[in-house]
Amino acid sequence: MYYPVKIIKTDDGYIGTCRDVPGYSMTGKTYDACLEDVTESMFAWLQVFYRKQKKSFPMPSEAREGEIKVYVGLKEQARMLMWNAFLESGISQMALAKKLGFSRTYVANLFDFSKQSISVEAMESVLDALGYSLTLTAVKQG
């Protein structure tokens, strides 16, 4: 999953924005510093402004001319997709916990993106309980 980002020169350095993520911007004194900040902050920013506000994550569109593609890691992608499926289902965390046979605390932890120890298998279980499957595809670059 790649988000298209445009980095432009300003009077004070550079600013990176993403048209798929309204309100997102990062700055840097140099182009490389801005790119590094964008790359490191994209998922954290999405988490704060979408997950914590209980909104679906916006999915990225194709990059246009003049935009670069910023990668979101596979585990983060799976968490984003799991969260969006959960919101779309309209089910409560308690109902999901019952469906999975887990405690509500365990399910709440699955949706706490600050926890790094959530396995892909656990995310697959959640998606399966919501009527989704998680697929992985290798795509040749270039």
Side-chain angles (χ1 to χ4, degrees), residues 1-97 99-100 102-142:
M1 184 181 294
Y2 294 87
Y3 281 88
V5 171
K6 186 166 199 147
I7 298 179
I8 57 171
K9 179 123 178 69
T10 67
D11 292 340
D12 298 324
Y14 291 83
I15 186 168
T17 59
C18 179
R19 62 185 157 76
D20 293 331
V21 186
Y24 174 78
S25 67
M26 280 290 131
T27 59
K29 293 263 185 218
T30 66
Y31 180 92
D32 289 340
C34 185
L35 177 59
E36 183 177 334
D37 286 349
V38 165
T39 302
E40 291 176 0
S41 70
M42 180 65 77
F43 180 69
W45 199 94
L46 286 165
Q47 177 187 342
V48 169
F49 289 96
Y50 288 91
R51 161 58 188 95
K52 289 190 177 184
Q53 293 181 25
K54 295 184 169 62
K55 295 180 180 180
S56 292
F57 289 104
M59 292 293 107
S61 59
E62 291 294 319
R64 296 178 185 160
E65 188 175 330
E67 293 177 327
I68 57 169
K69 296 191 255 182
V70 174
Y71 180 70
V72 173
L74 287 176
K75 200 166 195 179
E76 289 81 11
Q77 291 177 44
R79 292 180 108 164
M80 292 168 67
L81 295 169
M82 178 184 70
W83 175 252
N84 285 359
F86 171 71
L87 288 181
E88 188 178 300
S89 74
I91 193 172
S92 69
Q93 286 187 10
M94 182 61 82
L96 180 58
K99 222 175 185 183
L100 291 166
F102 297 137
S103 70
R104 189 205 166 284
T105 302
Y106 179 82
V107 170
N109 285 336
L110 290 173
F111 294 118
D112 180 350
F113 289 8
S114 68
K115 303 213 184 290
Q116 297 299 316
S117 62
I118 306 304
S119 70
V120 172
E121 292 80 12
M123 290 184 269
E124 283 182 304
S125 296
V126 170
L127 285 163
D128 185 58
L130 296 172
Y132 290 83
S133 63
L134 185 62
T135 59
L136 181 66
T137 304
V139 178
K140 186 163 177 77
Q141 296 183 11

Mind running side chain to side chain contact (heavy atoms under 4.5 Å, CB included) on Met80 and Tyr50 for me, showing each step along the way?
CA-CA 10 Å; Met80 292 168 67; Tyr50 288 91; over 6 Å; no
Let's go through Ser41 and Tyr24 carefully: what are the C-alpha distance in whole Å and the side-chain angles of both, what is the deciding distance for side chain to side chain donor-acceptor pair (under 3.5 Å) to 0.1 Å, and is it a yes or a no?
CA-CA 10 Å; Ser41 70; Tyr24 174 78; 2.7 Å; yes
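Remark: Met1 CE to Gln77 CD distance equals 4.5 Å, nearest 0.5 Å. How far CD1 of Ile7 is from OG1 of Thr30: 9.5 Å, rounded to the nearest 0.5 Å. Rounded to the nearest 0.5 angstrom, Ile15 CD1 and Cys34 SG are separated by 7.5 Å. If you take CG on Leu81 and CG on Leu130, they are separated by 12.0 Å, rounding to the nearest 0.5 Å. To the nearest 0.5 Å, atoms CZ (Phe102) and CG (Asn109) are separated by 12.0 Å. The NZ atom of Lys6 sits 11.5 Å away from atom CD1 of Ile68, with the distance rounded to the nearest 0.5 Å.
Side-chain contact between Lys99 and Ile91: present, with at least one pair of heavy atoms (C-beta onward) separated by less than 4.5 Å. The side-chain heavy atoms of Leu100 and Val126, taken from C-beta on, include a pair separated by under 4.5 Å. Between Tyr2 and Met42, the closest side-chain pair of non-hydrogen atoms is not below 4.5 Å. Looking at heavy atoms from C-beta onward, Gln93 lies out of side-chain contact with Leu96 at the 4.5 angstrom threshold. Counting only heavy atoms from C-beta outward, the side chains of Leu35 and Tyr14 never approach each other to under 4.5 Å. Side chains of Tyr3 and Leu46 form a contact here, defined as non-hydrogen atoms less than 4.5 Å apart.
Side chain of Asn84 to main chain of Phe57: a donor-acceptor pair is present (N/O by atom type, distance under 3.5 Å, no hydrogens or angles). The backbone N or O of Ile118 sits less than 3.5 Å from a side-chain atom of Lys75, completing a donor-acceptor pair. Between the Arg51 side chain and the Phe111 main chain, a donor and an acceptor come within less than 3.5 Å of each other. For the pair Arg79 (side chain) and Asp112 (backbone), a donor-acceptor distance under 3.5 Å is present. Put simply, the side chain of Trp83 gets close to the backbone of Lys55: a donor and an acceptor are under 3.5 Å apart.
Surrounding CE of Met59 are more than 12 heavy atoms belonging to other residues, nucleotides or ligands, all under 6.0 Å away. The neighbour count for Glu62 CD, taken as heavy atoms of other residues, nucleotides or ligands under 6.0 Å away, does not exceed 12. Dense packing is recorded around NZ of Lys9, with more than 12 heavy atoms of other residues, nucleotides or ligands lying under 6.0 Å away.
Of all non-hydrogen atoms in Leu110 and Ala122, the two that sit nearest each other are CD2-CB, 3.8 Å. Residues Leu127 and Ala85 share a closest heavy-atom pair of CD2-CB, 3.7 Å. Between Gly16 and Val38, the shortest heavy-atom distance links the atoms CA-CG2, 4.2 Å.
Sequence neighbours left out, the pairs with a member in residues 11-25 that pass salt bridge (charged side-chain N to carboxylate O under 4.0 Å, His left out) are Arg19-Glu67.
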